[in-house]
Amino acid sequence: MRLTIKEIFELPADGRSIAVKGWVRTKRETKAAAFLEVNDGSRMGNIQCVFDEAAIAACLPELARASTGASVSVEGSLVPSPASGQKLEIKATALSVIGEAPSESYPLQKKAHSMEFLREIAHLRPRTNTFGAVARVRNRMAFAIHEFFQERGFQYVHTPLITASDCEGAGAMFQVTTLDLDRIAKSGEAVDYAKDFFGKPAYLTVSGQLNVETYCEALGRVYTFGPTFRAENSNTTRHLSEFWMIEPEVAFNDLGDNMELAESFLKRLVKTAIEDCAEDLAFFDQRIEKGLVASLQGVLERPFSHMTYTEAVAVLEKNADQFELKPYWGLDLQSEHEKFLCEKIAGGPLFLTDYPKEIKSFYMKQNSDGKTVRAMDLLVPRFGEIIGGSEREENLGLLQDRIRELGLKEEAYSWYLDLRRFGTTPHSGFGLGFERLLLYVTGMANIRDVIPFPRAPKLADF
Ligand code: ATP
Ligand code: MN
């Protein structure tokens with residue numbers, strides 16, 4: 001098989017003949033030589049293909065067509081590079097342009113483009129250094145997530161994306177229907193869900209948790225890793241309408257075990273990024289977020305901080321003048337508060353625990369104070385919440401009380417309550433937003449730039 005540029009860079013520069021296929025990043029021509037920087041996506045760095053006078057003469061019509069963005073095939077020999085910063089290059093003997101990219105119309109010329117502009121050409125942005133790097137890190141992190149759990153005996157469970165119970169409680173849902181809305185609107189009839197595809201209203205899932213708990217209470221250690229959907233009108237740099245979430249759930253784990261799992265999980269992912277994505281991270285460090293690698297390294301070196309919600313609010317209240325939204329006990333903390341706590345108080349990742357039950361989901365285990373639940377959020381500098389989780393209420397009566405207290409329909413939860421009726425156990429889990437992880441390890445500022453095709457309010461292009 002043809003070698004990738006990444007593989008070629010592992011070879012000795014011994015003059016062997018070599019062929020490379022990829023896309024031209026830049027072309028530079030002098031009287032005596034021409035230089036093509038070719039990239040094939042296998043790594044950040046290009047391979048330089050050097051054409052001497054004889055090669056220029058041999059490749060002349062093709063060289064003229066080999067502009068930025070063109071796909072090419074280059075043949076030559078692999079030799080040491082005199083240029084600094086690269087150990088080898090190709091002394092080219094043959095060139096063919098496979099597909100031109102006319103410079104008058106190709107949008108990605110050799111200059112800095114804004115992230116906003118690149119979002120408008122999301123089909124071409126993977127050809128930039130930044131988005132190529134994001135894609136490689138995303139790939140490595142997805143694999144590392146499976147490695148982490150598989151090494152620890154977790155079973156990967158596939159939970160449904162379509163759900164007919166709107167009882168997941170994690171956020172506003174997108175409805176799934178095959179009803180002809182235009183026709184119903186014109187007819188003035190009431191909507192009859194018995195005629196809808198599932199015979200009742202159906203939605204896209206906001207979380208796989210309730211479903212995965214059923215497998216947790218049978219297989220012990222489980223996790224999901226899949227797409228989730230939230231129909232919230234959150235136009236922020238931290239929210240997507242479609243994002244990927246990892247949700248481990250472990251039988252017999254309490255909140256302390258849950259936090260240990262979350263900490264070793266996040267540290268392992270950071271370590272893998274530092275070790276296996278070094279070239280891409282060096283780029284992010286230099287061009288996107290100065291000091292990124294040192295700060296990630298720092299994360300590995302010390303235990304995460306812990307604070308209760310109540311302690312955190314006391315700290316925030318002392319610094320109330322710093323915030324747009326004044327902190328008080330009972331407030332669902334905003335990103336500004338979360339960032340302050342990790343950046344100014346903890347100086348790194350921070351677990352907040354024991355939140356007021358009113359601002360958390362019905363299934364979280366109630367503390368004996370009657371006011372708080374065994375919830376944990378992991379907050380990180382730069383954007384705040386990266387993980388949210390809890391110990392779950394395993395006591396049937398207490399869970400039923402909470403469902404009634406909130407005015408939820410108990411029938412809708414009957415299968416979920418069965419897990420407490422039959423062989424109930426303490427258990428805990430959390431959700432890590434995959435794109436929030438990517439913001440964390442790449443230093444990218446906007447969540448729309450760490451997923452190939454972002455979906456957000458009024459945004460579903462490509
Ligand atoms: P936030 O308060 O930041 O809106 P949340 O508390 O609503 O998040 P959870 O329901 O706890 O989120 O979801 C678990 C995890 O999923 C979060 O910790 C976060 O990493 C991620 N997440 C939640 N909502 C989004 C979103 N709209 N886009 C991307 N990731 C998200
Ligand atoms: Mn949360």
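Position 1 is the first residue of the sequence, and the numbers go up from there. Counting starts at 1 for both ligands and their atoms, in listed order.
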For ligand 1, is there an atom lying under 4.0 Å from some heavy atom of Glu385? yes
Do Gly433 and ligand 1 have an N or O pair less than 3.5 Å apart? yes
So if I count the atoms of ligand 1 from 1 in the order they appear, which ones are less than 4.0 Å from some heavy atom of Arg238? 28 (N), 29 (C)
Is there a polar contact, in the sense of an N or O pair closer than 3.5 Å, between His239 and ligand 1? yes
Applying the salt bridge (charged side-chain N to carboxylate O under 4.0 Å, His left out) criterion to Asp280, which one of Arg136, Arg138, Arg140 satisfies it? Arg136
Does the distance from a Lys or Arg side-chain N to an Asp or Glu carboxylate O, for Arg382 and Glu343, drop under 4.0 Å? no
In ligand 1, the atoms that come under 4.0 Å of a heavy atom of Ile387 are 18 (O)
Under 4.0 Å between a Lys/Arg side-chain N and an Asp/Glu carboxylate O for Arg420 and Glu213? yes
May I ask you to check if ligand 1 and Met245 share an N or O to N or O distance below 3.5 Å? no
Between the side chains of Arg183 and Glu189, is the shortest nitrogen-to-carboxylate-oxygen separation below 4.0 Å, so that they form an ion pair? yes
For ligand 1, is there an N or O atom under 3.5 Å from any N or O atom of Phe243? no
What's the atom name of the N, O or S in Glu385 nearest to the Mn ion (ligand 2)? OE2
Residues passing the side-chain contact (heavy atoms from CB on, under 4.5 Å) test with Asp354, sequence neighbours excluded, are Thr308, Asn367, Thr372, Arg374
